[in-house]
Amino acid sequence: MKAMVLNRLRAPLECIERATPQPGPGQIRVKVAACGVCRTDLHVVDGELPNPKVPIIPGHEIVGRIDAVGVNVVGLDIGERVGIPWLGHTCGICPYCLAGRENLCDHPLFTGYTRDGGFATEAIADARFAFPLGETGSDVALAPLLCAGLIGWRSLGLAGPGKRVGLYGFGAAAHIVAQVARWQERAVFAFTRPGDIATQNFARQLGAVWAGSSEDLPPEPLDVAIIFATPGNLVPLALQAVRKGGRVVCAGIHMSNLPSFPYRLLWEERQLISVANLTRQDGLDFLGAVPAIGIVTQTTTYPLHKANEALADLRAGRFEGAAVLVPW
Ligand SMILES: [Zn+2]
Ligand SMILES: [Zn+2]
């Protein structure tokens with residue numbers, strides 16, 4: 001198989017050819033049809049997350065067809081189209097797993113971070129963590145749903161039912177969440193880098209009632225805000241934008257340091273929380289709702305061997321929506 005491998009942190013991925021792996025007990029092998037590129041892949045490459053497996057094949061928004069099945073795999077067959085998300089394995093026995101909070105498992109494996117992911121022509125996955133995708137929708141269009149969509153869905157759920165939703169950082173996740181929020185009859189306020197008129201227009205096309213700079217206050221106070229971008233200074237800005245009792249959700253796996261800020265920004269029962277990973281139930285709930293919501297993802301495709309270019313373009317904000325690698 002071919003793969004784009006991170007051999008050293010903060011170095012470009014290298015295109016390698018290696019023996020195609022065989023699925024072990026409880027595992028499937030997938031022929032990758034598309035793999036989304038997520039900001040978390042940048043954090044892995046940049047060495048911003050603790051204890052990555054190196055060398056590692058990044059990529060955790062995998063869409064592909066099962067082409068080999070290990071022993072003890074139940075309910076999945078060769079030829080079936082599946083999605084493989086960030087949550088690659090959980091222990092099943094820690095207090096968090098037992099409490100139904102497997103996203104916080106004490107001994108997890110994460111696709112493309114602590115186990116090999118989908119920047120490759122083939123990938124191995126724990127069958128219990130793969131989602132059947134059915135046959136509706138193209139491989140490329142579905143790929144961003146598997147992290148950007150899923151984490152966005154979980155973040156919106158944890159934000160609560162507020163009607164006025166602020167989205168800080170209007171990239172892959174926010175462009176999907178905006179569609180979910182509109183379907184839920186909420187009003188979306190989109191915050192971008194100052195001066196990023198193209199992304200503000202993109203947000204309005206997706207139904208945002210207001211789009212502007214992250215340094216601006218919205219025309220009316222928000223009920224909730226979700227921060228997808230990484231600068232820590234967005235936290236006090238978002239707290240300032242939400243009403244009394246409002247909630248700010250940090251959806252990213254990594255942010256730069258939060259600046260100190262006056263306590264009055266948190267006062268009046270404003271809440272600040274983070275979202276970590278996903279549960280399989282999140283995946284079932286979200287993917288089950290996708291057809292009714294009618295989510296349309298905006299994607300820019302790159303051939304697998306141009307993964308470094310895709311990562312660089314993501315870093316520089318050179319496309320709207322999501323980047324997706326295809327293995328040809
Ligand atoms: Zn666990
Ligand atoms: Zn991701």
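Basis for what follows: all heavy atoms, side chains included, without hydrogens, waters or symmetry-related copies. Numbering of ligands and ligand atoms starts at 1, following listing order.
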Item to check | Considering all heavy atoms, the nearest Thr279-Gly100 contact | outcome: CG2-O, 4.4 Å
Checklist entry - For Asn201 and Gln205, what are the C-alpha separation, side-chain angles and deciding distance, and is it a side chain to side chain donor-acceptor pair (under 3.5 Å)? => result CA-CA 6 Å; Asn201 287 335; Gln205 277 167 33; over 6 Å; no
Next on the checklist: Between Asn277 and Trp86, is the side chain to side chain donor-acceptor pair (under 3.5 Å) condition met? List the steps.
Outcome noted: CA-CA 7 Å; Asn277 312 315; Trp86 169 249; 2.8 Å; yes
Checklist entry - Between Thr300 and Phe319, is there a donor-acceptor pair closer than 3.5 Å when you use the side chain of the first and the backbone of the second? => result no
Next on the checklist: Looking at Phe228, I'd like to know if the NZ or CZ of Arg39 sits under 6.0 Å from its six-membered ring centre while staying within 45 degrees of the ring's axis.
Outcome noted: no
Next on the checklist: Can you check the angle at the Zn ion (ligand 2) formed by NE2 of His60 and SG of Cys147? Round it to the nearest 10°.
Outcome noted: 110°
Checklist outcome for this item: The protein N, O or S atoms lying under 2.8 Å from the Zn ion (ligand 1) are Cys91 SG, Cys94 SG, Cys97 SG, Cys105 SG
Checklist outcome for this item: Heavy-atom nearest pair, Leu104 first then Ala276, reads CD2-CB, 4.0 Å
